[in-house]
Every structure is written in C-alpha cells, then in structure tokens.
Amino acid sequence: MHYKALLFDLDNTLIDFSFAEKQGLEKIYQLYFSQCISSHEFEHCFRTINKRLWHLVEQKHIAIDHLHPQRFQSLTQTIKVTVDAMEIAHTYAQALGEYSHWYPNIKATLLNLKKHYAIGIITNGITQVKQIQYAKLEIATFCDSFLVSEILGISKPDKAIFNLALQQLNVNANEALMIGDSLSSDYQGAINANLDFCWVNKPAQFLPLAYPAPKYMIQSVAELPDILTNQVKEHPLQGKIPINTCEPAIV
C-alpha cells in the first residue's frame, strides 16, 4: 500500500477500555455511592450524564477539561450525596489508567507495524488517564506521535488534531490511514481530515446510512497487517439499519 503512517484511536481500538471502565465504576460505586443507590441505577445515571457531556465535547459546546469534573458534580447532585466530586474524579481516572490493558495480540502487531510505518495515536480523553496508560502500556516503544485531546484543547472529530498528527509524522493526508472504532469521532474525523479510514467493528454491526463505506473494515487491529499487504480484500459493510455505534469512547 501507499501508506507511510498509521493513525490509531486508543480506547476500545487498541486497548480494552470497556473493562477498565467497568472496574473503575465499580470502585467508585463501592467507595462513595453503595449506601444510597443500587449499582444498576448508579451505572445508568453515570452513563446518561457521561454520554450527554461527551456529545457536547464533540459538538464543541464544552471544553474537554470541563467534562471530567462536571460529570461527577452532576452525578453527586443527581444522586444527592455529599461527596467531593474532584476526589471521585481523581479516583476514577486513576482506576481507568491502572485497569487498561491491550486486546490480545495487539502490542505485538503494533511492534511489527512499526518496522514499516510511522505510528501515531490520537485519543480523546483525560490527561491523568492517558499518562498512566502511556507508562503502563509502554506506548513509547512503538509510537511516534501521541496526541491527547485534553492537553491540546482539541478533540476528535476536529480535523485540527488529525492535521497535527500528520505534521508530527511528516506525512500528507493521502499517505496515512486512520484506524478506530468510533464513527462519530474517529470516522467523522478521518472524513474531516481527508484520511482513509479502517473501521474496527468488533461487534460486526451494520454501518448507518449516514456514513459512506469506509476503506476497510476489521474486527481486530491484529488483522491490519494482512489488509496492508493486500492479502485480504477490502470489505466495507454498508447496512440499511442505523445502529448506535456513534458514541465516543467513555473515559
């Protein structure tokens, strides 16, 4: 292929962030909320608030550095508990980082790809979480550009954060492939920045009609080397049933 660089999303593309989220929510539930609300109600309340705020971030209605404290301020107010929201936010962020781990075979795949391509990661998320992930997962061993939305004050799908990655990797848009699981942040961002896109569609869901067929579709980044060496044909999936795959990664 003609690509010189590969740009990756991090959460739920390279690492099992859903597991980290589950563990992080369980930790703060047991520490701060278990005496006043059921775990099911607590999780539903958090996810509702979190989804709304992430949507506002993607629409540029609020800055990402406001999201992290605001979601826990809203959570404590909704549940009506007197707990320091910033303390909860710190505890949760720490847990998200510590519980993050690679999907199977992904680190080895990235190290192999690094032999042939410049590697960048563009991640929407909280600085505290990303710093822990960067150290714990030894991301520096293969990554040439690591961009965190909160640090930059720019979030996917804004094309500016993709353009910065291209600049750091010294490549043009037609020389890079974006790989991610989110349609609203990763794919829309790739469209905005004129990048080819590879959809990591783990549940094998249909693509909403609002989106054109992506260049490639895989279920794991471990499949990417075969795609890039033309051993597997392009196989985008275009469906007629819109599905809710457009949520940002929960961080």
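- Checked against salt bridge (charged side-chain N to carboxylate O under 4.0 Å, His left out), E98 has no partners two or more places apart in sequence or in another chain.
- Shown here for G97 and K136, the closest heavy-atom pair between the two residues is O-CD, 3.6 Å.
- Considering every non-hydrogen atom in both Y3 and Y117, the closest pair reads O-CE2, 3.4 Å.
- Judged by distance alone, the side chains of H90 and Q128 do bring a donor and an acceptor atom under 3.5 Å apart.
- Of the possible polar contacts, none joining the E58 side chain to the W54 backbone as a donor-acceptor pair under 3.5 Å is found.
- With contacts defined as side-chain heavy-atom distances shorter than 4.5 Å, the pair Y99/F17 does not qualify.
- Screening L96, I15, L14 for a side-chain contact (heavy atoms from CB on, under 4.5 Å) with Q133, the sole residue that qualifies is I15.
- Linking ILVMFWY residues whenever their side-chain heavy atoms come closer than 4.5 Å, directly or via other members, leaves Y29 and F19 in distinct clusters.
- Between the CG atom in L6 and the CG atom in L228 there is a gap of 6.0 Å [rounded to 0.5 Å].
- Within the 4.5 Å cutoff, side-chain heavy atoms of I119 are placed close to those of F8.
- Minimum interatomic distance between N12 and S18 (heavy atoms only, all atoms of both residues): OD1-N, 3.1 Å.
- Separating the CD atom in Q205 from the CG atom in L183 is a distance of 10.5 Å, to the nearest 0.5 Å.
- Note on L224: it clusters hydrophobically with L111, by side-chain heavy-atom contacts below 4.5 Å among ILVMFWY residues.
- Residue pairs meeting the side chain to side chain donor-acceptor pair (under 3.5 Å) criterion with at least one partner in residues 154-167, sequence neighbours excluded, are D9-K156, K60-D158, K156-D186.
- Residues satisfying the salt bridge (charged side-chain N to carboxylate O under 4.0 Å, His left out) criterion with E87, sequence neighbours excluded, are absent altogether.
- Salt bridge absent: E43 and K22 never bring a charged side-chain N and a carboxylate O closer than 4.0 Å.
- Few gaps surround CG on N172; more than 12 heavy atoms of other groups in view lie less than 6.0 Å from it.
- By the salt bridge (charged side-chain N to carboxylate O under 4.0 Å, His left out) test, K202 pairs with no residue at all, sequence neighbours left out.
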(message) For a ring pair (Phe, Tyr, Trp, His ring centres under 6.0 Å) check, start with the C-alpha distance between Y92 and F46, then their side-chain angles and the critical distance, and finish with the verdict.
(response) CA-CA 12 Å; Y92 182 62; F46 174 84; 5.5 Å; yes
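- Inter-residue side-chain proximity for S145 and I122 is flagged as unmet; no heavy-atom pair is nearer than 4.5 Å.
- Note that the CD1 atom of I49 and the NZ atom of K51 stand 13.5 Å from one another [nearest 0.5 Å].
- Rounded to the nearest 0.5 Å, atoms CG (L75) and CZ (F33) are 4.5 Å apart.
- Following chains of ILVMFWY side-chain contacts shorter than 4.5 Å, one can reach I126 starting from L25, so the two form part of one hydrophobic cluster.
- Put simply, CD on Q188 and OG on S182 are 10.0 Å apart, with the number rounded to the nearest 0.5 Å.
- Side-chain contact check for V129 versus Q94: every heavy-atom pair is 4.5 Å or farther apart.
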(request) Output, in order, the C-alpha distance, side-chain angles, deciding distance and verdict of side-chain contact (heavy atoms from CB on, under 4.5 Å) for F142 and L113. (result) CA-CA 9 Å; F142 63 85; L113 290 170; over 6 Å; no
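- Each of I121, I179, L177, L169 was checked for a side-chain contact (heavy atoms from CB on, under 4.5 Å) with L7, and the lone residue meeting it is L169.
- When hydrophobic clusters are built by joining Ile, Leu, Val, Met, Phe, Trp and Tyr residues whose side-chain heavy atoms come closer than 4.5 Å, directly or via intermediates, M217 is grouped together with M178.
- Using modelled atom types, one side-chain atom of N192 and one backbone atom of P157 make a donor-acceptor pair closer than 3.5 Å.
- Side-chain contact annotation: T123 with K130, donor-acceptor N/O pair under 3.5 Å present.
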(request) Take S38 and E41 through the test side chain to side chain donor-acceptor pair (under 3.5 Å) and record every step on the way to the result. (result) CA-CA 5 Å; S38 72; E41 292 173 316; 3.1 Å; yes
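- Side-chain contact check for F162 versus L147: every heavy-atom pair is 4.5 Å or farther apart.
- A173 and L166 get closest at one heavy-atom pair: CA-CD1, 3.8 Å.
- Checked against salt bridge (charged side-chain N to carboxylate O under 4.0 Å, His left out), D144 has the following partners two or more places apart in sequence or in another chain: K114.
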(request) Show your working on side-chain contact (heavy atoms from CB on, under 4.5 Å) between T141 and K107 and close with a plain yes or no. (result) CA-CA 10 Å; T141 58; K107 188 174 183 181; 4.2 Å; yes
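- The shortest distance between side-chain heavy atoms of Y32 and T76 does not fall below 4.5 Å.
- Contact between N124 and S185 at its shortest, heavy atoms only, is ND2-CB, 4.1 Å.
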(request) Start with the C-alpha gap between Q30 and E26, add the side-chain angles, then the distance that decides, and say whether side-chain contact (heavy atoms from CB on, under 4.5 Å) holds. (result) CA-CA 6 Å; Q30 293 297 338; E26 177 63 21; 2.8 Å; yes
(request) Kindly determine whether K115 and N112 satisfy side-chain contact (heavy atoms from CB on, under 4.5 Å), including the steps that lead there. (result) CA-CA 6 Å; K115 299 174 184 177; N112 181 50; 4.0 Å; yes
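- Note: S100 OG to L10 CG = 7.5 Å, rounded to the nearest 0.5 Å.
- No continuous path of hydrophobic side-chain contacts links M86 to L31 [ILVMFWY only; heavy atoms under 4.5 Å].
- In this view, H61 and L56, Q59 satisfy the side-chain contact (heavy atoms from CB on, under 4.5 Å) rule, not counting sequence neighbours.
- The minimum heavy-atom distance between A222 and I106, with the atom names listed, is N-CD1, 3.6 Å.
- By the 30° and 60° cut-offs, the orientation of the rings of Y211 relative to Y187 is parallel.
- Residues I191 and P212 form a side-chain contact, since some pair of their non-hydrogen atoms from C-beta on lies under 4.5 Å apart.
- R47 places a side-chain heavy atom less than 4.5 Å from the side chain of E21.
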